[in-house]
Amino acid sequence: MRDIDKTKEQLVNELEEMRQRCDELEASETERRQMEEQIRQQNEFLTHLLESLPHPFYVVDVSSYTIKMANSAAVFGTILKESTCYALTHGRSRPCSGREHACPLKEIKKTKRPVTTEHLHYDGQGNVTNIEVHGYPIFDERGNVSEMIAFSLDITERKQAEEALQESEERFRQFFANEPEYCYMVSPEGKLIDVNEAALKVIGYKKEELMSKSLEVVYAPESWPKAKRLFKQWKETGVVADEELVIITKDGDRRVVLLSATAVRNRNGEILHSVSVQKDITERKRAVEKLRESENKLNSIISSMDDLVFVFDKDARFTFYRSSTEELYMPPETFLGKKHSEVMPPRINKLTTEAFNKNKKGEVAEYEYWLEIGGQTKWFSAKLSPMFMDGEFVGSVAVVRDITERKRLEQLKDDFISLVSHELRSPLTVITGAVNTALTEGARLSPEETRQLLRDAALEAESLSHLLGNLLELSRFQADRLLLYAEEMSVKKLIQDTIVEIKRQSSAHQFIVDIPKKLPTVYADQLRLERILYNLLENAVKYSPQGGEIRVSVKSEEGYLVIRVSDQGIGISCAGQARLFEPFQRLEDSRLDGVKGAGLGLLVCRRLVEAHGGRIWVESELDRGSTFSFTMPLSHS
Ligand code: ADP
């Protein structure tokens with residue numbers, strides 16, 4: 001239809017349609033402009049974003065390796081269009097390859113997935129930086145990878161930290177494995193997660209036997225409660241220090257250890273595991289135990305000795321003393337730590353210094369000294385032995401013995417010897433004199449005078465023989481050869497005969513014998529019984545120089561005969577009575593002047609009475625007289 005043929009209505013409609021289309025075209029042009037503006041803004045935003053990134057960023061063409069786009073961080077301000085990524089980042093002429101320079105592009109083309117690789121970058125000065133390259137694929141409309149977005153991170157610091165960590169882990173691993181003490185790692189649940197060689201060797205388990213086992217397996221049952229308590233403490237505080245425990249080996253042996261443990265934690269402070277170190281102190285404990293034992297032994301030896309023990313250092317300073325008695329010259333606090341010369345009198349110090357000098361030469365030295373203690377003179381013997389350590393003189397040990405009693409006995413013996421010599425010589429002088437006079441003057445002397453001389457000689461010879469008899473009895477006793485020849489006998493005749501014998505020595509005394517008519521017999525050695533009686537009667541005579549009555553009485557009492565010899569003489573003090581029957585006792589009494597005696601008689605009496613199973617005692621009062629009594633067993637008791 002031609003336009004001319006169209007109706008007016010048709011033309012109006014067409015005009016309307018055209019107007020609508022014009023409006024539509026106009027609207028789409030505005031939309032296009034808006035979109036372009038939007039894209040421009042997005043591009044600008046992206047460019048700003050990329051420029052603001054501190055890390056290098058590129059878009060690389062996957063087939064030519066050329067850089068399509070890069071931010072300033074990648075090219076250091078100069079964008080080199082058409083430059084390849086390998087030329088830009090490594091100055092290489094060929095694409096990256098190998099382990100140090102794995103090419104992310106190749107990987108992306110193969111996998112069509114994002115990829116991360118690490119590269120080493122060298123700068124002109126030879127410094128190395130570790131780079132982590134992140135690559136992301138961009139696909140074309142056919143789904144092939146056309147470009148790669150890549151950005152690089154400098155991970156040198158992270159790498160260095162990782163290496164340092166690895167190194168320190170390695171060091172710890174080496175320490176853990178080679179540490180001679182027993183090392184364990186224990187989880188917070190109390191399970192073993194690692195054990196070092198030293199521990200395995202001692203406890204005898206294989207590592208796999210212990211892994212994930214409870215800690216209980218390594219502790220002796222008696223130590224487990226304490227170990228549990230320490231484990232709790234470790235979980236609360238993260239530390240355990242030097243705690244003594246007993247571990248048990250697979251074979252059941254026990255070893256004493258000192259446990260220290262620390263906690264390894266994560267960043268949040270939560271405990272990951274413990275590092276526990278056990279120091280084996282079994283040998284040390286045994287050594288200490290032995291030392292204590294030997295110290296105890298030594299102490300009991302020292303305390304069982306009557307001796308005093310002193311230890312001096314090399315400067316003669318008192319460092320130790322041990323005494324079983326309280327009786328010391330001075331209280332310990334006044335001499336311990338002081339030099340010998342500071343506390344001892346010069347005369348003793350001189351002796352000690354000499355002994356000390358001998359010690360320094362390795363010689364043992366001995367000396368004796370005396371001290372006034374509690375108003376008494378006490379004698380001591382000291383034996384100083386040197387102590388050397390690694391060949392060097394470090395001091396001396398002095399063993400000091402109280403020898404007062406020995407000294408007293410020595411003195412007594414000396415006195416006794418001179419007494420006995422004197423006692424032997426005086427009768428001999430009388431005998432020799434009498435016999436010589438009788439021989440030389442015989443012609444001039446009357447028969448009565450000669451008889452008197454010979455009687456004197458005989459009497460002295462008798463007393464001499466008696467003295468020698470006493471000496472012999474004592475020496476038999478000392479030699480343990482005092483044999484009795486006991487028999488059943490009556491004492492009446494023996495007493496009468498002995499009195500007759502004694503009477504010859506004195507006419508000034510009156511002898512009274514008080515014996516019941518019916519007297520049981522005794523079981524005794526006749527000669528010994530006679531000696532006892534003789535000694536007592538002789539003393540009764542000697543110690544009642546004013547004369548008086550000497551009474552011998554006998555009575556039977558509880559299976560024994562009690563024989564008493566009483567005099568009215570000088571008597572004996574209480575102190576004198578106490579030591580009367582001891583060896584070599586002559587009482588110092590001015591009233592004894594001129595009374596002969598060797599201090600033997602009573603001792604012999606005691607030995608002989610006791611050998612018969614009897615006892616002897618004295619009752620006396622000064623100036624009133626003494627009564628000596630002894631018992632002899634009855635023959636039928
Ligand atoms: P001695 O040979 O000195 O007589 P004894 O052992 O017989 O030795 O006596 C020891 C000491 O006992 C005497 O020295 C004397 O001091 C004292 N003594 C012994 N008997 C008597 C006595 N009957 N009366 C007083 N003193 C006595």
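Remember, it's 1-based here, ligands and their atoms both numbered in the order they're listed.
- Any N or O atom pair closer than 3.5 Å counts here, and Gly601 shares at least one such pair with ligand 1.
- Between Arg531 and Glu473, at least one side-chain N (NZ, or NE/NH1/NH2) sits under 4.0 Å from a carboxylate O, which counts as a salt bridge.
- Gly569 does not count as a contact of ligand 1, since none of its heavy atoms falls under 4.0 Å from the ligand.
- For ligand 1, the polar-atom distance check finds an N/O of Leu602 within less than 3.5 Å of one of the ligand's N/O atoms.
- Contact analysis puts Lys542 in contact with ligand 1, with a non-hydrogen atom separation below 4.0 angstrom.
- Considering only residues two or more places apart in sequence or on other chains, Arg322 meets the salt bridge (Lys or Arg N to Asp or Glu O under 4.0 Å) condition with none of them.
- The pair Glu557-Lys555 meets the salt-bridge criterion, since a charged nitrogen lies less than 4.0 angstrom from a carboxylate oxygen.
- Lys358 and Glu354 are not joined by a salt bridge, as no carboxylate oxygen comes within less than 4.0 angstrom of a charged side-chain nitrogen.
- Annotation: salt bridge (Lys or Arg N to Asp or Glu O under 4.0 Å) contacts of Asp315 (sequence neighbours excluded): none.
- Classification of the Phe318-His340 ring pair by plane angle, with boundaries at 30° and 60°, yields parallel.
- In this structure, Leu600 has a heavy atom closer than 4.0 Å to ligand 1.
- Atom numbering of ligand 1 starts at 1 in the shown order; those under 4.0 Å from a heavy atom of Gly599 are 1 (P), 2 (O), 3 (O), 6 (O), 8 (O).
- If you check each of Val565, Leu419, Leu580 against atom 17 (C) of ligand 1, the one with the closest non-hydrogen atom is Leu580.
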